[in-house]
2 protein chains.
Amino acid sequence: MALSTSDDAGRYHHGDLRRALLDAGARLLRAGGVDAVTLREAARAAGVSHNAPYRHFVSREALLAAVSAEGFRDLRRRLEAADGGPKANAIGLGHIYLRFAAEERPHFLLMFGGVIDKADFPDLAEAAAAALAVLDRAVSGGGAESAAAETLRAWALVHGLAHLVAERQITPETARAVLGEEPRPPFR
Amino acid sequence: MALSTSDDAGRYHHGDLRRALLDAGARLLRAGGVDAVTLREAARAAGVSHNAPYRHFVSREALLAAVSAEGFRDLRRRLEAADGGPKANAIGLGHIYLRFAAEERPHFLLMFGGVIDKADFPDLAEAAAAALAVLDRAVSGGGAESAAAETLRAWALVHGLAHLVAERQITPETARAVLGEEPRPPFR
DNA sequence: ACCTGAACACCGTTCAAGT
DNA sequence: ACCTGAACACCGTTCAAGT
């Protein structure tokens, strides 16, 4: 009550311009790919002047990095929801990964497009690492030899399949078939 | 003699503006990534007016598609040079693939970035298919069951590793270690 | 602190001409 | 056929103000 008064909500045009810009960015990304994500269009969607976004993002790249980070958090959530559930195994997580690439193709391409340098955006780097850590735990069992050859092999296979799907070089069905449906052993 | 007189060579400013634009595009790509490839800059590099390129490429995307197609032809050449030689096996080709991703990172990201729709550029689609056919032959042995599960699995693994290298998520050395050094059996 | 409006240097793309 | 120059509608980014 003390912190969320109607006064607070009215401090910005939208209560939270950053949130509005992020949502607009995700919408533009889904609608037209990375190139369609522009600061000016996001500002327009949020109903503010074309350079109000600079109060929240230092550059267009920073907005893209933030949208990408949200994608990694979404991926992580999906992986964690499956983990511990009926799909608590490496193959199951592989299928989640494939599904994410198919359902959120523009996000996937942004997240793994190699265009945004994670070194410049610590929040993005952290979100990416957190999502991939879920995969790592599932494959290596959380042992000391984390990120070992087995994990990398499994990750590379799934990632390669996901990317080939995103590029429309293979169909999602084909990818699923290659990955296999059996719950165990992991990935192969 | 009849066709390649000095008269012909002087028909364009560069003898071959298309070639000059393609070279400029590749140079810009290597120097600054996909975003740095612009029709106006390519025109500037070729010493022509900003809209002379439209005589050879219908759009910026068409230039990018052509540069991408050249990348696929380069990749194919590398794969074929290794094929039949001392590395005439699937693992060997996998290493060539990895090397291409590391050495020509910007090209690799453009070629497999999912931004250019191959359906719109038949020449690009053909160049890509030709390069991947070399891999397919090496893995499936050219049998009738081309592009079978084994080929896809091998391709996805190598492609995933290559892409993770391009994204700087893993080092080229790690990728090589995961792929393995032994000449046989293929990939695993 | 947060937002606006004008301005600058770029783009891709189109059009009317020039040779 | 091939190229030029002007023009239009976009960008990202910066700056000087306004509240």
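Here is the naming used below: chain letters follow the sequence lines, and residue numbers restart at 1 for every chain. Keep in mind it's a predicted model, so treat the numbers as computed, not measured.
Aromatic pair His159(B)/Phe112(B): ring centres closer than 6.0 Å.
Taking a cutoff of 4.0 Å between a charged side-chain nitrogen and a carboxylate oxygen, Glu104(A) and Arg99(A) do not qualify as a salt bridge.
Ring geometry, Phe108(B) versus His163(B): the interplanar angle falls from 30° to 60°, so the pair is classed tilted.
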* Structure fact -> Given protein heavy atoms under 4.0 Å, the one-letter contact record of nucleotides 6-19 of chain D, with B base, S sugar-phosphate only and - none, is simply BB---SBBBB----

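In this view, Arg44(B) and Glu41(B) satisfy the side chain to side chain donor-acceptor pair (under 3.5 Å) rule, not counting sequence neighbours.
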* Asked: Pairs counted as Watson-Crick or G-U wobble with both distances under 3.5 Å: what dot-bracket string results for DNA chain D, using | for bases tied to another strand?
  -> ||.|||||...|||||.||

* Asked: Do Asp23(B) and Arg27(B) pass the salt bridge (Lys or Arg N to Asp or Glu O under 4.0 Å) test, and can you show the C-alpha distance, the side-chain angles, and the key distance before you say yes or no?
  -> CA-CA 6 Å; Asp23(B) 291 344; Arg27(B) 193 156 26 79; over 6 Å; no

* Verify salt bridge (Lys or Arg N to Asp or Glu O under 4.0 Å) between Asp74(A) and Arg78(A), making sure each step is shown before the conclusion. => CA-CA 6 Å; Asp74(A) 182 17; Arg78(A) 291 175 185 227; 3.4 Å; yes

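Proximity of Tyr54(A) to Leu39(A): side-chain heavy atoms (C-beta onward) are separated by under 4.5 Å at one or more points.
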